[in-house]
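What you see is a predicted model, and the numbers here were worked out from it, not measured in a lab.
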Amino acid sequence: MYRRILKEVKEFKAVSLITPVFMILEVIMEMIIPYLMASIIDNGVNAGDMNHIIKTGMIMIVIALLGFLSGLAGGRTGAKASAGLARNLRETMFNNIQTFSFSNIDKYSTAGLVTRLTTDVNNVQMAYQMMLRMFVRAPFSMICAMIMAYRINARLASIYLIAVLILGVILCFIMSNATKYFQQAFPKYDDMNASVQENVSAVRVVKAYVREEEETKKFKKTSENIYHIFLKAENNIIYNAPIMNATVYTCILLISWIGAKMIVAGSLTTGEMMSLLTYCMNILMNLMMVSMVFVMVSMSSAGVRRIAEILNEKSDITNPENPVFEVADGSIEFRNVDFAYKKDSKEPVLKDINLRIKSGETIGIIGGTGSAKTSLVNLISRLYDVTEGEVLVGGRNVKEYDMEALRNQVSVVLQKNVLFSGSILENLRWGNKEATLEECEHACKLACADEFIQRFPDGYETHIEQGGNNVSGGQKQRLCIARALLKKPKVLILDDSTSAVDTATDAKIRKAFAEEIPNTTKLIIAQRVSSVQSADRIIVMEEGRINGFGTHEELLETNEIYREVYESQTSGGGDFDENGGE
């Protein structure tokens, strides 16, 4: 897990390796200063040797400057290494997410992915920087200080050793208790982010139903869950400081008391006593640094596991070794197809599907909610793979194609239409980045979008807000249809993509399709019979099976479900767009 994270250090290996070197140099300089200070006191002040004081003082200044520069360089390289790791982690995670199939994406919530890319990576960045700097500096400083203290007086230095051992055991106990709470806390961020995302994206519904107070309570509950978990963790960590201070002052008192007796007895000098006290503070403060590193590592460990999950996730759908890049035509065939979203599902979503659609045909798909209409068309562009059987496009199994080549020729306007922040023209060119303004205008005319775009003051340069919140549902659908048409696909799938447009406009769009793109196979999922009755043939879906397949007239005679839907929708005078396409 940690090895996978460290692979993302990449081009920052050099600065990652040199940071500990600078930290060690800084520690060495710091360890020399108390030793020189003792020399100034014993051989300079007590002996009245001014030359020794000046000479040793100058050396101390140089040593202090070198230590300062080493620490500064270590800080800069450590920051560069940790920020670089964070950048690479986010980039690699994002790139891997882009390769996910729909089945991979279904495993994670949007809020969870956002938390992993932000909060979890930030924690890993902080932990990595502390590992490079503090975790190298503190133990090395403790060891050097202990060696220097033993060189001066082994008896007094033993006080440090006992204190370090006792503190080490206590801090390990505190950290182990705190870690379990940190591991519980960070997954809770997913719930909080999900609550915020849901509320903000549906803010119009929240206000329409006057649900602000209830949403506030829901967020407060989620936020308090995180608060209570962190409080439990912090209640363990707060013992660090008082225990550390008590140990430091106890060591100082013991060293001062025993050291004073030794000075009187002549077995210890005043300078050596000062050095020992300095080393005492150094050892215990560095132990505190080590405990801080453990806290940060504990906080980031849950994040490391969650990040590694995304990095190690492999797409369920991949290109074959020698993919086919050319789709011959828009013919579609389903052969004995079964499909389930999860491999261990007891009941498949689609069962025993057999279909043959000619290139250029217009096929309507109708059925009740949950009848697997969307699941059926998702298999054509290989957004999911079949569980059993095979799907053919242009006479070849979809698994034989290069996925990009297939999806460029099988254009899908999904049930949930999405526009991105930017101009209308920029959104349209998602379908074809090389499309000219004239091509975009033509596609918009086919989708009946040109009429409302021309009414905007900025026309095709009109800015679309994130999610397309400044256009109506019907306008958004028409822009998405135009975007799909710009791909000039051999198969066009409209997944209930005209549900938000009026029936007259729906009829105009169907008429334009019939006249302008006759060679493109068109699959139209709809809830309105009027949207599909002029299709060459119509598929009637029921509970994941094909209940009927034929023309409008044939189904009225032979299919009970279709006849009931038709009669329920046309009773009372029929659709008002009866002549809408004329």
Say you draw a straight line from [atom1] of [X] to [atom2] of [Y]; how long is it, rounded to the nearest 0.5 Å?
| X | Y | atom1 | atom2 | value |
| --- | --- | --- | --- | --- |
| Asn88 | Met93 | CG | CE | 12.5 Å |
| Leu113 | Ile97 | CG | CD1 | 4.5 Å |
| Trp257 | Ile159 | CH2 | CD1 | 9.5 Å |
| Leu36 | Asn43 | CG | CG | 11.0 Å |
| Asn427 | Leu419 | CG | CG | 5.0 Å |
| Cys251 | Ile162 | SG | CD1 | 9.0 Å |

CA sep, side-chain torsions, deciding dist, call: Glu30, Arg137, salt bridge (Lys or Arg N to Asp or Glu O under 4.0 Å): CA-CA 11 Å; Glu30 285 183 0; Arg137 187 188 192 287; 2.3 Å; yes
Whether [X] side chain and [Y] backbone form a donor-acceptor pair below 3.5 Å:
| X | Y | value |
| --- | --- | --- |
| Asn470 | Glu465 | yes |
| Thr269 | Glu272 | yes |
| Ser70 | Leu25 | no |
| Glu215 | Glu212 | no |
| Ser423 | Glu426 | yes |
| Thr56 | Ile40 | no |
| Asn96 | Thr92 | no |
| Asp316 | Ser101 | no |
| Asn282 | Thr278 | no |
| Arg87 | Ser82 | no |

Kindly check if the number of other-residue, nucleotide or ligand heavy atoms within 6.0 Å of [atom1] ([X]) is above 12?
| X | atom1 | value |
| --- | --- | --- |
| Lys342 | NZ | no |
| Gln98 | CD | yes |
| Phe420 | CZ | yes |
| Met274 | CE | no |
| Glu224 | CD | yes |
| Arg151 | CZ | no |
| Met126 | CE | no |
| Glu388 | CD | no |

Below 4.5 Å, heavy atoms only, C-beta onward: do [X] and [Y] meet side chain to side chain?
| X | Y | value |
| --- | --- | --- |
| Leu85 | Val121 | no |
| Glu461 | Ile424 | no |
| Leu383 | Arg407 | yes |
| Leu277 | Ser256 | yes |
| Tyr150 | Ser158 | yes |
| Thr115 | Arg306 | yes |
| Phe140 | Met23 | no |

Residues Ser141, Asn286; criterion side chain to side chain donor-acceptor pair (under 3.5 Å); working and verdict: CA-CA 7 Å; Ser141 183; Asn286 278 295; 2.9 Å; yes
Lys/Arg-Asp/Glu bridge criterion (N-O < 4.0 Å) met for Glu214, Lys218: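 Salt bridge: no.
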Under-4.0 Å salt bridge between Glu8 and Lys10: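 Salt bridge: yes.
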Indicate the atoms forming the closest heavy-atom contact of [X] with [Y], along with that distance.
| X | Y | value |
| --- | --- | --- |
| Arg382 | Val398 | CD-O, 3.9 Å |
| Asn153 | Met262 | ND2-CE, 2.8 Å |
| Val45 | Ile53 | N-CD1, 3.9 Å |
| Glu309 | Arg116 | OE1-NH1, 2.8 Å |
| Phe100 | Ile105 | CB-CG1, 3.7 Å |
| Ser375 | Val349 | OG-CG1, 3.7 Å |

Strictly by modelled atom types, are [X] and [Y] linked by a side-chain donor-acceptor pair under 3.5 Å?
| X | Y | answer |
| --- | --- | --- |
| His52 | Ser39 | yes |
| Asn95 | Arg90 | no |
| Glu313 | Tyr108 | yes |

Tyr384 and Tyr341 aromatic ring geometry - parallel, tilted or perpendicular at 30°/60° bounds: perpendicular
Among Val304, Asp120, Val124, the one residue meeting side-chain contact (heavy atoms from CB on, under 4.5 Å) with Leu89: Val124
Test side-chain contact (heavy atoms from CB on, under 4.5 Å) applied to Leu165 and Val169, step by step: CA-CA 6 Å; Leu165 292 174; Val169 172; 5.9 Å; no
Lys487/Asn432 under side-chain contact (heavy atoms from CB on, under 4.5 Å): CA gap, chis, key distance, verdict: CA-CA 6 Å; Lys487 294 176 77 172; Asn432 178 5; 5.7 Å; no
Derivation of the side-chain contact (heavy atoms from CB on, under 4.5 Å) call for Ile317 and Met403: CA-CA 9 Å; Ile317 298 176; Met403 284 189 291; 3.2 Å; yes
Criterion side-chain contact (heavy atoms from CB on, under 4.5 Å) on Phe22 and Leu72, from CA distance to verdict: CA-CA 9 Å; Phe22 283 128; Leu72 185 65; over 6 Å; no
